[in-house]
Amino acid sequence: MTTAFRFRKMNGLGNDFLVLDARAGVPRLRPDEIAALASRATGIGFDQMITIEASPAGADAFMRIDNADGGEVDACGNATRCIGRLLIGETGREAVTIETRAGLLRAYETGEGERVTVDMGVPRLAWDEIPLAEPFADTRAIELQIGPIDAPILHSPAVVNMGNPHAIFWVDDVEAYDLARIGPMLEHHPIFPERANISLAHVTSADSLTLKVWERGVGLTRACGTGACAAAVAAARTRRTGRRVAVTLPGGVLAIDWRASDDHVLMTGDVETEFAGTIDRATLTWTRDGAVRGAAE
Ligand SMILES: N[C@H](CCC[C@H](N)C(=O)O)C(=O)O
């Protein structure tokens, strides 16, 4: 019996994914196997593994999300755009529904090339929805200080849940902080019982901000879709911007619209299919179509 199965490699603004299709019989990998394949040193290298499954709720598909550390989570904005693109191509429809552990999401064509819009639903803003370890009446700015570090003190982040927990710190220069060093301290801060994704946001105008993200369970990524949504909601809530914000990340720009009519957050951006290949689970080696054999230790 073969232990080989197919995969696709995709990304949304450089936030990259190993995409498996369980509807074709791909096995559920263990966390240690996911982490080994996610390694950029010895594996295929990716931020999240995304598994497409049949949807119990009758959506076009269920999307399962595992971070590079092997931990399963409930939301991934950039991956939702990528899977939306795949399902739009598969169904021939302009709009598809994707079931996730955070709820049913709709993805639709924008008519501009590979660009996809996803309705990420309504942000959760109460302290116990983030969640936080203790009550805060105003989640637009919570008492959390870290430092002193070799840069201005980070303090009073906004917190937002987009199906996953986010903390956003307002800074004048996202490069003035060693996020690779302080990110893990904040991700694992005791105020976040489920840990958190950590963003540095520099508001550049009433409709634009620059964002740098340390992702829970991954580390620094080139883009974070739910992070961009969370930062745009937080900026609007604190009157730093309007409800439509262009979020510039290291990998590109996401257009966020926190729609006033129903409080849904719409996220629009490009997706890219990089390559396809085959993984042999028995040896955790893989072959990229039309390329040389790789090997995950
Ligand atoms: N690291 C996130 C999941 C992926 C989020 C990000 N890749 C996105 O595009 O939203 C978490 O643990 O909540």
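Not measured: the values here are computed from a predicted model. Note that ligands are numbered from 1 as they come in the structure, with each ligand's atoms numbered from 1 the same way.
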Salt bridge between [X] and [Y], side-chain N to carboxylate O under 4.0 Å?
X: Asp173; Y: Lys212; answer: no
X: Arg140; Y: Asp138; answer: yes
X: Arg106; Y: Asp119; answer: no
X: Arg244; Y: Asp207; answer: no

Taking side-chain contact (heavy atoms from CB on, under 4.5 Å) as the definition, give me every residue that meets it alongside Asn11, ordered by chain and number, with sequence neighbours left out.
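Expected list: Asp16, Glu272, Glu274.
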Residue among Glu33, Glu53, Glu72 satisfying salt bridge (Lys or Arg N to Asp or Glu O under 4.0 Å) with Arg28
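Result for salt bridge (Lys or Arg N to Asp or Glu O under 4.0 Å) with Arg28: Glu72.
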Write down, by chain and number, every protein residue that brings a non-hydrogen atom to less than 4.0 Å from an atom of ligand 1.
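Its neighbours under 4.0 Å (heavy atoms only) are Asn15, Gln48, Asn67, Val73, Ala75, Cys76, Gly77, Asn78, Asn164, Asn197, Glu215, Arg216, Cys224, Gly225, Thr226, given by chain and number.
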